[in-house]
Chemist: 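Okay, handing you the structure first.
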Amino acid sequence: MNNVFLSPIRLLAGLVLSCLAVWGAGAQAQDLVLYTSQPNADAQSTVDAFNKAHPDIKVEWVRDGTTQLMARLEAELSAGAPKPDVLLIADSVTLASLKARGLLQPYLSPGRSAYDPALYDAQGYYYGTKLITTGIAYNTRAAVKPLSWLDLARPELKGQVTMPSPLYSGAALIHLATLTGDARLGWRYYEQLKANGASAQGGNGGVLTAIASGTKPYGVLVDYMAIREKAKGAPVEFVFPTEGVSMVTEPVAILKSARHAQAARQFVDFVLSRPGQELVSRQGYVPALADVPVPEGFPPRTQIKLLAFDADSALRNAERDKQQFGTLFGAK
């Protein structure tokens, strides 16, 4: 008798547990893990805007410099447990490296047709989301108002110039590859900077602090940091040098190991959408989508001259370039 009555109960319990398991798997499938090198405030506003568009997707995000995030990912890969589903990091060279190693998965986002093909991987492995240029910043109390990259090597600026280190910053590494690949500048230019007492330090944040305080009144800096600080009243001016500027595109990519690939594809679609690109402009960056207006403080997009850049060449030469820079300026 007991067995007769218990078997339906056990059956019902099994059905309930099965339903709960299916529901739980569905809920988990809507989670998303993001690794990003965006500043904290920008990362939070990006996640908030995405959540507004997709309230059913919970986002866990980790923020650090590109180099540090890649070190973290490498450790996870070595342990056989990579955590991120999607990357939103500084530069295309890093993602080209991950693609070459078979660590990314392609996704042909419908939004790609609105973009310049130069801003995304043709196979859909990664997509540029903004244009972050590197130019010259200076303290407004400084005697010289530089207009050219060569101005930073002028004798009257001796010992007064600082720059981010490509051993730390992905944007600085791309800047190094861009300028050394330019026939008018090359490694000769960096040798001139060193001879003129220029110094290299960690990231762009330290460079901005030095310029704003006047301890190093001239520097190599990403555009948005200087323009934001100027808007806040800091004595900082930004210059797009006459030769042109280097650029990173803060690309987005999906890991091959992504546990929540569908949510990752929705994230890619969002950052490439017009609302996503309008958010980029509100955050103070030049949007990758050409018909979205640039933020206040920037010149018209047509007046921003971009220097030529070959991501594949930069990837091949990255270690050599870092070693040569470290030998010249010291490993910082």
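FYI, the numbering just counts along the sequence from 1.
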Chemist: Answer yes or no: is there a donor N or O on one side and an acceptor on the other, between the side chain of Arg154 and the main chain of Asn196, under 3.5 Å?
Modeler: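 Not confirmed, Arg154 side chain does not pair with Asn196 backbone.
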Chemist: For the side chain to side chain contact (heavy atoms under 4.5 Å, CB included) test, which of Asp64, Thr66, Leu88 pairs with Ser37?
Modeler: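 For Ser37, the side chain to side chain contact (heavy atoms under 4.5 Å, CB included) check succeeds only for Thr66.
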Chemist: Quick one: does Val220's side chain get under 4.5 Å of Pro164's, heavy atoms only?
Modeler: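 Val220 vs Pro164: side chains touch.
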Chemist: Counting distance only, does the side-chain N/O of Ser281 pair as donor-acceptor with the main-chain N or O of Glu278 below 3.5 Å?
Modeler: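 Judged by distance alone, no pair lies under 3.5 Å.
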Chemist: If you link I, L, V, M, F, W and Y whenever their side-chain heavy atoms are under 4.5 Å apart, who else ends up in the same group as Tyr126?
Modeler: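 Under the 4.5 Å side-chain rule, Tyr126 groups with Val33, Tyr35, Val62, Leu69, Met70, Leu73, Leu77, Leu87, Ile89, Leu95, Leu98, Leu103, Leu104, Tyr125, Leu255.
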Chemist: Inspect the surroundings of CD in Glu296 and state if more than 12 heavy atoms from other residues, nucleotides or ligands are less than 6.0 Å away.
Modeler: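 Atom CD in Glu296 is not crowded, with 12 or fewer foreign heavy atoms closer than 6.0 Å.
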Chemist: What's the verdict on salt bridge (charged side-chain N to carboxylate O under 4.0 Å, His left out) for Arg188 and Glu191, showing C-alpha distance, side-chain angles and the deciding distance?
Modeler: CA-CA 5 Å; Arg188 179 181 66 258; Glu191 291 164 359; over 6 Å; no
Chemist: Within the side chain of Asp85, is there an N or O that forms a donor-acceptor pair under 3.5 Å with the backbone of His260?
Modeler: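 Yes; at least one donor-acceptor contact below 3.5 Å.
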Chemist: Within the 4.5 Å heavy-atom criterion, are Gln44 and Trp61 side-chain neighbours or not?
Modeler: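 Sidechains of Trp61 and Gln44: in contact.
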Chemist: Would you say the side chains of Arg265 and Gln262 form a donor-acceptor pair under 3.5 Å?
Modeler: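 The answer is yes; a qualifying pair exists.
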Chemist: To the nearest 0.5 Å, how far apart are CD in Gln283 and CD in Gln38?
Modeler: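 Spacing of CD (Gln283) from CD (Gln38) equals 5.5 Å.
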Chemist: Is any side-chain heavy atom of Val271 closer than 4.5 Å to one of Tyr127?
Modeler: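 Result no, sub-4.5 Å side-chain heavy-atom pair not found.
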Chemist: Are Phe240 and Leu147 connected in the hydrophobic side-chain network, where two residues link if heavy atoms are under 4.5 Å apart?
Modeler: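 Per the 4.5 Å side-chain linkage, Phe240 and Leu147 are not co-clustered.
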Chemist: May I ask you to test the Phe325-Leu173 pair for a side-chain heavy-atom distance under 4.5 Å?
Modeler: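 Side-chain contact under 4.5 Å: no.
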Chemist: For a side-chain contact (heavy atoms from CB on, under 4.5 Å) check, start with the C-alpha distance between Ser109 and Tyr120, then their side-chain angles and the critical distance, and finish with the verdict.
Modeler: CA-CA 11 Å; Ser109 173; Tyr120 62 88; over 6 Å; no
Chemist: Any side-chain to backbone donor/acceptor pair from Lys145 onto Thr140? Under 3.5 Å, distance only.
Modeler: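 Here the side-chain-to-backbone pair exists.
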Chemist: When rounded to the nearest 0.5 angstrom, what is the spacing between OG in Ser199 and CD in Gln160?
Modeler: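 If I round to the nearest 0.5 Å, the distance is 11.0 Å.
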Chemist: Which pair of heavy atoms, one from Asn204 and one from Ser169, lies closest together, and at what distance?
Modeler: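 Smallest heavy-atom distance, with atoms named: ND2-OG, 3.7 Å.
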Chemist: Identify the heavy atoms of Thr46 and Phe270 that sit nearest to each other, and give their distance.
Modeler: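 Nearest pair, atom of Thr46 first, then Phe270: O-CE2, 4.3 Å.
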Chemist: For Asp291, enumerate each residue passing the salt bridge (Lys or Arg N to Asp or Glu O under 4.0 Å) test, keeping only those at least two apart in sequence or located in another chain.
Modeler: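 If we apply the salt bridge (Lys or Arg N to Asp or Glu O under 4.0 Å) test to Asp291, skipping adjacent residues, the hits are Arg274.
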Chemist: Is a side-chain donor or acceptor of Gln277 paired with a backbone partner of Leu289 at a separation under 3.5 angstrom?
Modeler: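 Looks like yes, one N/O pair under 3.5 Å.
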Chemist: Is there a path of hydrophobic side-chain contacts, each under 4.5 Å between heavy atoms of I/L/V/M/F/W/Y residues, joining Trp187 to Leu152?
Modeler: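 Linked, Leu152 and Trp187 end up in one cluster.
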Chemist: What are the two closest heavy atoms between Val144 and Tyr138, and how far apart are they?
Modeler: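 Shortest heavy-atom separation between Val144 and Tyr138 comes out as O-CD1, 4.2 Å.
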Chemist: How long is the gap from CG on Asp31 to CZ on Arg259, to the nearest 0.5 Å?
Modeler: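 Result: 8.5 Å between the selected atoms.
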Chemist: Can you list the residues that meet the salt bridge (Lys or Arg N to Asp or Glu O under 4.0 Å) rule with Lys322, with sequence neighbours excluded?
Modeler: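 Here the qualifying residues are Glu319.
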Chemist: Suppose we screen for salt bridge (Lys or Arg N to Asp or Glu O under 4.0 Å). Which residues come up paired with Asp121, at least two apart in sequence or across chains?
Modeler: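 Only Lys99 meet the salt bridge (Lys or Arg N to Asp or Glu O under 4.0 Å) criterion with Asp121.
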Chemist: Please list, chain by chain and in numerical order, all residues satisfying salt bridge (Lys or Arg N to Asp or Glu O under 4.0 Å) with Glu74, sequence neighbours excluded.
Modeler: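 Salt bridge (Lys or Arg N to Asp or Glu O under 4.0 Å) list for Glu74, sorted by chain: Arg101.
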Chemist: Compare every heavy atom of Phe238 with every heavy atom of Ile227, then report the nearest pair and how far apart it is.
Modeler: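 Distance-wise, the nearest heavy atoms are CG1-CB, 4.3 Å.
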Chemist: Could you walk me through whether Met247 and Phe309 satisfy the side-chain contact (heavy atoms from CB on, under 4.5 Å) test, starting with their C-alpha distance in whole Å, then the side-chain angles of each, then the deciding distance to 0.1 Å, before giving a yes or no?
Modeler: CA-CA 8 Å; Met247 172 192 70; Phe309 175 69; over 6 Å; no
Chemist: How far apart are the closest heavy atoms of Lys158 and Gly197, and which atoms are they?
Modeler: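 Shortest heavy-atom separation between Lys158 and Gly197 comes out as NZ-N, 4.4 Å.
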Chemist: Carefully, step by step, assess Arg228 and Asp42 under the rule salt bridge (charged side-chain N to carboxylate O under 4.0 Å, His left out).
Modeler: CA-CA 13 Å; Arg228 282 182 184 179; Asp42 294 337; 2.9 Å; yes
Chemist: When hydrophobic residues are tied together by side-chain contacts of less than 4.5 Å, even through go-betweens, does Val252 share a cluster with Phe50?
Modeler: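 Yes; tracing contacts between hydrophobic side chains, which count when under 4.5 Å, links both residues.
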Chemist: Donor-acceptor pair, distance only, cut-off 3.5 Å: does the side chain of Asp223 make one with the backbone of Thr134?
Modeler: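 Not a single qualifying donor-acceptor pair exists.
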Chemist: Pair Tyr218, Ile136 - check side-chain contact (heavy atoms from CB on, under 4.5 Å), show working.
Modeler: CA-CA 7 Å; Tyr218 306 94; Ile136 298 172; 5.6 Å; no
Chemist: Report the distance from atom CD1 of Ile254 to atom CG of Leu32, rounding to the nearest 0.5 Å.
Modeler: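 So the CD1 of Ile254 and the CG of Leu32 are separated by 9.0 Å.
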Chemist: CD/Glu229 to CD1/Ile211 distance, rounded to the nearest 0.5 angstrom?
Modeler: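 Going from CD on Glu229 over to CD1 on Ile211, the span is 11.0 Å.
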Chemist: How far does CG of Asp48 sit from CG of Leu279, to the nearest 0.5 angstrom?
Modeler: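 That separation rounds to 9.5 Å.
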Chemist: Spell out, yes or no, whether Phe267 and Leu119 are grouped together once hydrophobic residues are joined by side-chain heavy atoms under 4.5 Å, including indirect joins.
Modeler: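 Hydrophobic grouping puts Phe267 apart from Leu119.
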Chemist: Mind checking whether His175 and Trp149 have parallel, tilted or perpendicular rings, split at 30° and 60°?
Modeler: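 Tilted: the ring planes of His175 and Trp149 meet at 30° to 60°.
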Chemist: Please answer whether the main-chain N or O of Ser148 pairs with a side-chain N or O of Asp151 as donor and acceptor at a distance below 3.5 Å.
Modeler: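 Yes, because the side chain of Asp151 sits within donor-acceptor range (under 3.5 Å) of the backbone of Ser148.
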Chemist: Taking the side chain as C-beta and beyond, is there a heavy-atom pair between Leu167 and Phe329 under 4.5 Å?
Modeler: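 Leu167 vs Phe329: side chains apart.
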Chemist: Examine distances only and state if a side-chain atom of Tyr115 and a backbone atom of Gly128 form a donor-acceptor pair shorter than 3.5 Å.
Modeler: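 The answer is no, because no donor-acceptor pair under 3.5 Å joins these two groups.
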Chemist: Who pairs with Phe298 by ring pair (Phe, Tyr, Trp, His ring centres under 6.0 Å), at least two apart in sequence or on another chain?
Modeler: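 Phe298: no ring pair (Phe, Tyr, Trp, His ring centres under 6.0 Å) contacts found.
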Chemist: Indicate the atoms forming the closest heavy-atom contact of Glu243 with Leu307, along with that distance.
Modeler: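 The pair with the smallest heavy-atom distance is O-CD2, 3.1 Å.
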Chemist: Checking side chain to side chain contact (heavy atoms under 4.5 Å, CB included) against Thr133, which of Val248, Val245, Val286 comes through?
Modeler: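 Testing each of Val248, Val245, Val286 against Thr133, the sole residue satisfying side chain to side chain contact (heavy atoms under 4.5 Å, CB included) is Val245.
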Chemist: Could you walk me through whether Gln201 and Tyr168 pass side-chain contact (heavy atoms from CB on, under 4.5 Å), step by step?
Modeler: CA-CA 9 Å; Gln201 53 184 306; Tyr168 176 87; over 6 Å; no
Chemist: Any side-chain to backbone donor/acceptor pair from Glu250 onto Lys130? Under 3.5 Å, distance only.
Modeler: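 No; judged by distance alone, with no hydrogens or angles, the pair does not exist.
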Chemist: Checking Asn51 side chain against Ile57 main chain: does a donor-acceptor pair fall under 3.5 Å?
Modeler: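 Between the backbone of Ile57 and the side chain of Asn51 there is a qualifying donor-acceptor contact (under 3.5 Å).
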Chemist: Assigning hydrophobic clusters by single linkage (Ile, Leu, Val, Met, Phe, Trp, Tyr; side-chain heavy-atom cutoff under 4.5 Å), is Leu176 placed with Ile174?
Modeler: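 In one cluster: no.
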